[in-house]
Every structure is written in C-alpha cells, then in structure tokens.
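Contents: one structure, followed by commentary.
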Amino acid sequence: MSMFIVPSDQSDEEKIEKVIIIGGGPAGFTAGLYTARAQLNPILFTGNDIGGQVALTYEIENYPGFPEGLSGTDLAERFQKQAEKFGTRVEYDHVLELDLSQHPFTLRTQFEKEYKAESIILAMGATPRKLQVPGEAELTGRGVSYCATCDGFFFKDKEVIVVGGGDSALEEGLFLTRFASKVTIIHRRDQLRASKILQKRAFENDKIEFIWDTIVTSINAGENGAVASVTLKNVKTNEVSEFRTDGVFIFIGHIPNSDIVKGQVAMDPDGYVITNRFGHTSVPGVFAAGEIQDHRFKQVSTSVGQGAMAAMETEKFMAELEDKGYEKLRQELLEEGFLPA
C-alpha cells in the first residue's frame with residue numbers, strides 16, 4: 001500500500017516539527033533518546049498510558065543490564081528520564097487524529113492542539129484483547145481485570161482465575177499468588193505457550209491449578225454486583241459448568257493501537273502496521289516501532305531495538321529530505337522498493 005502525498009502550502013510563520021513520536025513506551029522513549037541526540041528536537045506524546053505495558057509489569061528479569069531485575073514502573077521512569085536528559089520534549093497528551101495525506105503531516109490532540117511534522121514515529125503499542133463474553137464489560141473493575149499488578153492487592157486471600165496460556169498469563173498468575181489464596185489458570189488448549197522457565201515456576205507453585213481445553217463463555221455477577229463465577233465450556237467434550245471465583249484476570253493477547261492510521265498506512269489483517277526491516281511504513285517519513293508493528297516478539301528489549309532503528313532511519317530521512325525535498329525522496333524510495341507494499 002502506497003499513498004500519494006501532496007505537499008501542502010505552508011506559511012513562513014507556521015512552525016513545523018522535525019519529528020514527532022506518538023507513544024510513551026520503551027519504543028517511543030528510545031526513539032526520543034536517539035532523535036534528541038541527533039539534534040532533531042523531538043516531541044513525544046505519551047498518550048493515556050505513560051510507560052506503555054511495561055509500566056504495568058510487576059518485575060522484569062530479562063532486560064539486559066539489570067541482573068537482579070526491576071519493576072516495570074522503575075524501568076519506564078528510567079527510559080523517560082534518559083530521553084528527557086538529551087532534550088526530548090514530553091507532552092502528556094493523546095493524539096486523536098493524524099493526517100498523512102499531505103506533507104508535512106498534521107496531528108491533533110485531545111487538548112485541541114494541532115501540530116505539523118516532517119517525520120513521525122508510530123509507537124502507540126497495543127492494548128489487551130477482550131474475551132467478548134457476556135458480563136465482561138459490565139464487571140470490568142468489579143472483579144474483571146487486565147492488570148494483576150494494578151489490581152492484585154484487592155484479591156488478598158481470595159480465589160481468582162487467569163485466562164490465557166502465554167508468558168503474560170503465567171507471569172501475572174505467579175504475581176497473583178502473592179495475594180490470592182488460589183489461582184486457577186484456564187487455557188483453551190492442553191499445553192501452554194509460555195516459556196519453559198515460567199511453566200516450571202507455575203507447575204511448582206502450590207497455589208496454582210490448571211483447567212485445560214476450556215474457554216470462558218460468560219462472567220457472572222453475584223448479589224453484590226461483583227464477579228461471583230464464570231461459565232466454562234470444554235472445547236473437546238462441550239461440557240458446560242459453572243466455576244466459582246472472586247476475580248477474572250484476562251491475558252489472551254493484544255490489539256495494536258493503530259486506529260488513527262487506519263486506511264493511511266499498510267496494515268496486516270490484525271491491524272498491525274506493516275514495516276520493512278528498517279522500520280519504514282508505506283508512507284515515506286512515517287516509521288513504526290514496538291508492538292504497533294511487532295506481533296511476534298513483544299519484548300521490552302526488541303521494542304527498544306526497534307525504537308532505536310526507527311530513530312536512526314528518521315535521522316537519515318531528515319538529512320535526505322533537506323537535500324532532495326519530499327517528493328523527490330518519496331519517488332526514490334518507491335523506485336528502490338524501499339517501502340513495504
């Protein structure tokens with residue numbers, strides 16, 4: 001997918017930013033660090049979730065340089081502090097609209113501000129996928145949660161379930177054992193997708209039990225209006241049962257936060273932004289990094305690397321833009337097959 005970009009007429013007084021970064025997670029702050037050190041004076045919009053998903057993680061043990069581990073909140077704060085140290089301008093605002101039909105590009109935020117930029121780095125990440133079953137939306141905040149770190153404390157000495165079978169499900173399930181008296185992990189298959197070390201920890205934890213080949217078909221409230229049980233269905237036998245629980249924690253994947261660029265850049269069927277191996281999207285001057293384009297690895301370390309790569313490509317793009325102009329550079333990138341289809 002390629003777009004025809006019409007250069008817009010700009011007044012001499014109108015300020016145009018060199019680079020704007022959308023997203024305040026590991027990819028975004030890394031891109032801020034690198035573009036700031038390249039003297040591009042970037043603006044970074046944090047969105048509504050500062051730090052991204054990493055800020056919701058209780059403990060991170062696999063980020064290089066921290067052998068003792070550290071909390072996700074601590075790591076996110078370090079990312080931001082370092083980016084700001086080198087000149088990244090952080091705006092606590094959320095981008096609602098993005099117009100890529102003309103260059104320079106135009107952004108509008110929830111605080112009703114408008115910005116123009118010569119280049120953009122998309123780093124909006126992803127949000128938790130919902131089960132889409134009866135009771136889920138109504139009971140969110142009343143026993144249904146997508147963040148054990150945020151809500152685990154409220155389930156002290158209670159019984160909870162975790163839905164999912166990947167790393168996130170086991171990490172959060174293990175964390176919940178600090179508070180809950182019992183954690184039951186419900187997985188639609190007969191084996192987990194999580195890493196072997198997490199599986200070993202979960203299987204060895206006396207507070208964790210498993211229900212296999214099973215899905216949740218509804219979440220049910222009790223007389224107090226909070227979660228009281230879930231309805232389960234075995235996918236092999238079709239047997240239906242009710243399972244009592246005080247809380248439901250859902251970790252079944254994520255949906256990329258790509259709505260503002262829908263129809264403007266190439267995406268896969270799941271809504272992930274398509275990039276080439278250098279972080280270019282199908283629109284010249286627009287780059288993407290982190291989980292908005294990464295549906296495979298989804299690690300802090302890979303997001304950091306992708307943020308650095310997108311920033312370095314942005315620096316290269318800006319240097320060539322100054323020399324060649326947008327339309328000539330756009331044509332060259334298309335002719336060289338440098339942009340994803």
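These values consider heavy atoms only, across backbone and side chains, with no hydrogens, waters or symmetry-generated copies.
Sorted by first and then second residue, the ring-ring contact (aromatic ring centres under 6.0 Å, His included) pairs involving residues 176-227 (not counting sequence neighbours) are Phe175-Phe179, Phe203-Phe210, Phe210-Trp212.
Val283 and Met309 end up in different hydrophobic clusters when Ile, Leu, Val, Met, Phe, Trp and Tyr side chains are linked at under 4.5 Å. Under a hydrophobic clustering in which Ile, Leu, Val, Met, Phe, Trp and Tyr are joined whenever their side-chain heavy atoms come within less than 4.5 Å, directly or via other members, Ile20 and Tyr326 fall into the same cluster. Cluster annotation: Tyr92 and Met124 are assigned to the same hydrophobic cluster (Ile/Leu/Val/Met/Phe/Trp/Tyr, side-chain heavy-atom contacts under 4.5 Å, transitive). Under a hydrophobic-cluster definition in which Ile, Leu, Val, Met, Phe, Trp and Tyr are linked whenever side-chain heavy atoms come within less than 4.5 Å, directly or via other members, Ile120 and Leu339 are assigned to the same cluster. Taken together through direct or relayed side-chain contacts under 4.5 Å among Ile, Leu, Val, Met, Phe, Trp and Tyr, Val216 and Val248 form part of one hydrophobic cluster.
Considering only heavy atoms from C-beta on, Ile185 stays 4.5 Å or farther from Ile211 through its side chain. When side chains are defined from C-beta on, Val163 does not count as touching Phe251, because their heavy atoms never get closer than 4.5 Å. In this structure the side chain of Leu100 reaches within 4.5 angstrom of the side chain of Val261, judged on heavy atoms. The side-chain heavy atoms of Val90 and Phe45, taken from C-beta on, include no pair separated by under 4.5 Å. Counting heavy atoms from C-beta on, the side chains of Gln299 and Asn62 come closer than 4.5 Å. Two residues are said to be in side-chain contact when any heavy atoms from C-beta on lie closer than 4.5 Å; Leu131 and Ile252 meet this criterion. Contact check for Leu75 versus Tyr63: side-chain heavy atoms found under the 4.5 Å cut-off. Ile219 places a side-chain heavy atom less than 4.5 Å from the side chain of Val133.
For the residue pair Ala180 and Val160, the shortest heavy atom distance occurs at CB-CG2, 4.0 Å. When every heavy atom of Ile121 is checked against every heavy atom of Ala31, the shortest pair comes out as CD1-CB, 3.8 Å. Residues Ser258 and Val273 come closest through the heavy atom pair CB-CG2, 4.3 Å. Closest heavy-atom contact between His103 and Glu118: NE2-O, 2.9 Å. Closest of all the heavy-atom pairs between Pro256 and Ile292 is CB-O, 4.1 Å. Across all non-hydrogen atoms, the minimal contact from Ile186 to Thr214 is CG2-O, 3.5 Å.
Between Arg201 and Glu61, at least one side-chain N (NZ, or NE/NH1/NH2) sits under 4.0 Å from a carboxylate O, which counts as a salt bridge. A salt bridge does not link Glu136 with Lys130: none of the charged nitrogens is closer than 4.0 Å to a carboxylate oxygen. Ion pairing of Lys324 with Glu332 is present here, as a side-chain N (NZ or NE/NH1/NH2) and a carboxylate O approach within less than 4.0 Å. Ion pairing of Glu204 with Lys200 is present here, as a side-chain N (NZ or NE/NH1/NH2) and a carboxylate O approach within less than 4.0 Å. Taking a cutoff of 4.0 Å between a charged side-chain nitrogen and a carboxylate oxygen, Lys298 and Asp294 do not qualify as a salt bridge.
Using a distance-only test at 3.5 Å, with no hydrogens or angles considered, no donor-acceptor pair links the side chain of Asp270 to the main chain of Tyr272. Looking at Ser282, its side chain does come within 3.5 Å of a backbone N or O of Ala266 through a donor-acceptor pair. Judged purely by atom type and a 3.5 angstrom limit, Lys207 uses its side chain to pair as donor or acceptor with the backbone of Thr177. Checking side-chain atoms of Asn276 against main-chain N and O of Gly279 turns up a donor-acceptor pair under 3.5 Å. At distances below 3.5 Å, not a single donor-acceptor pair connects side-chain atoms of Glu97 with backbone N or O atoms of Leu107. Remark: the backbone N or O of Glu239 is not paired with any side-chain donor or acceptor of Asn234 at under 3.5 angstrom. When atom types are taken as modelled, the side chain of Gln293 and the backbone of Gly290 share a donor-acceptor pair closer than 3.5 angstrom. One N or O on the side chain of Thr245 and one on the backbone of Glu159 form a donor-acceptor pair closer than 3.5 Å. Side-chain atoms of Ser181 come within 3.5 Å of backbone N or O of Lys158 as a donor-acceptor pair.
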Chi angles and distances behind the side-chain contact (heavy atoms from CB on, under 4.5 Å) call for Leu176, Phe155: CA-CA 8 Å; Leu176 286 167; Phe155 294 86; 5.6 Å; no
side-chain contact (heavy atoms from CB on, under 4.5 Å) between Leu174 and Leu198, worked out: CA-CA 9 Å; Leu174 286 162; Leu198 286 173; 4.0 Å; yes
Lys18/Glu322 under salt bridge (charged side-chain N to carboxylate O under 4.0 Å, His left out): CA gap, chis, key distance, verdict: CA-CA 11 Å; Lys18 293 181 179 179; Glu322 183 177 351; over 6 Å; no
Test log, rule side-chain contact (heavy atoms from CB on, under 4.5 Å), inputs Glu172 and Phe249: CA-CA 8 Å; Glu172 303 298 322; Phe249 289 82; over 6 Å; no
Ile22/Leu98 under side-chain contact (heavy atoms from CB on, under 4.5 Å): CA gap, chis, key distance, verdict: CA-CA 10 Å; Ile22 309 175; Leu98 180 57; 4.1 Å; yes
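With no hydrogens or angles considered, a side-chain donor-acceptor pair links Glu242 and Ser229 at under 3.5 Å. Judged by distance alone, the side chains of Asp151 and Ser145 do bring a donor and an acceptor atom under 3.5 Å apart. Checked by atom type, the side-chain pair Gln53/His254 shows a donor-acceptor distance below 3.5 Å. For the 3.5 Å distance criterion, the side chains of Asn220 and Thr231 qualify, holding a donor opposite an acceptor. Side-chain atoms of Lys116 and Thr106 form a donor-acceptor pair, as typed in the model, at a separation below 3.5 Å.
Within 6.0 Å of the CD1 atom in Ile197, the count of heavy atoms belonging to other residues, nucleotides or ligands does not exceed 12. Arg108 CZ: more than 12 foreign heavy atoms inside a 6.0 Å radius. The number of heavy-atom neighbours closer than 6.0 Å to CZ of Arg89, taken from other residues, nucleotides and ligands shown, is above 12. Counting non-hydrogen atoms of other residues, nucleotides and ligands closer than 6.0 Å to CG of Asn238 gives a total above 12. By the 6.0 Å contact criterion, CG on Asp49 is open, its count of non-hydrogen atoms from other residues, nucleotides or ligands being 12 or less.
Atom CD of Glu209 is separated from atom CD1 of Ile161 by 13.0 Å, given to the nearest 0.5 angstrom. Rounded to the nearest 0.5 angstrom, Ile260 CD1 and Leu122 CG are separated by 7.0 Å. Remark: Lys85 NZ to Arg78 CZ distance equals 13.0 Å, nearest 0.5 Å. Here the straight-line distance linking atom OG1 of Thr109 with atom CG of Asp93 works out to 3.5 Å at 0.5 Å rounding.
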Donor-acceptor contacts under 3.5 Å from residues 310-321 side chains, at least two apart:
| from | atom 1 | to | atom 2 | distance (Å) |
| --- | --- | --- | --- | --- |
| Glu313 | OE1 | His280 | NE2 | 2.8 |
| Thr314 | OG1 | Ala310 | O | 2.7 |

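Lys236 is linked by a salt bridge (charged side-chain N to carboxylate O under 4.0 Å, His left out) to Asp190, Asp213, counting only residues two or more places apart in sequence or in another chain.
A centroid separation of 6.0 Å or more is found between the aromatic rings of Tyr115 and Phe105.
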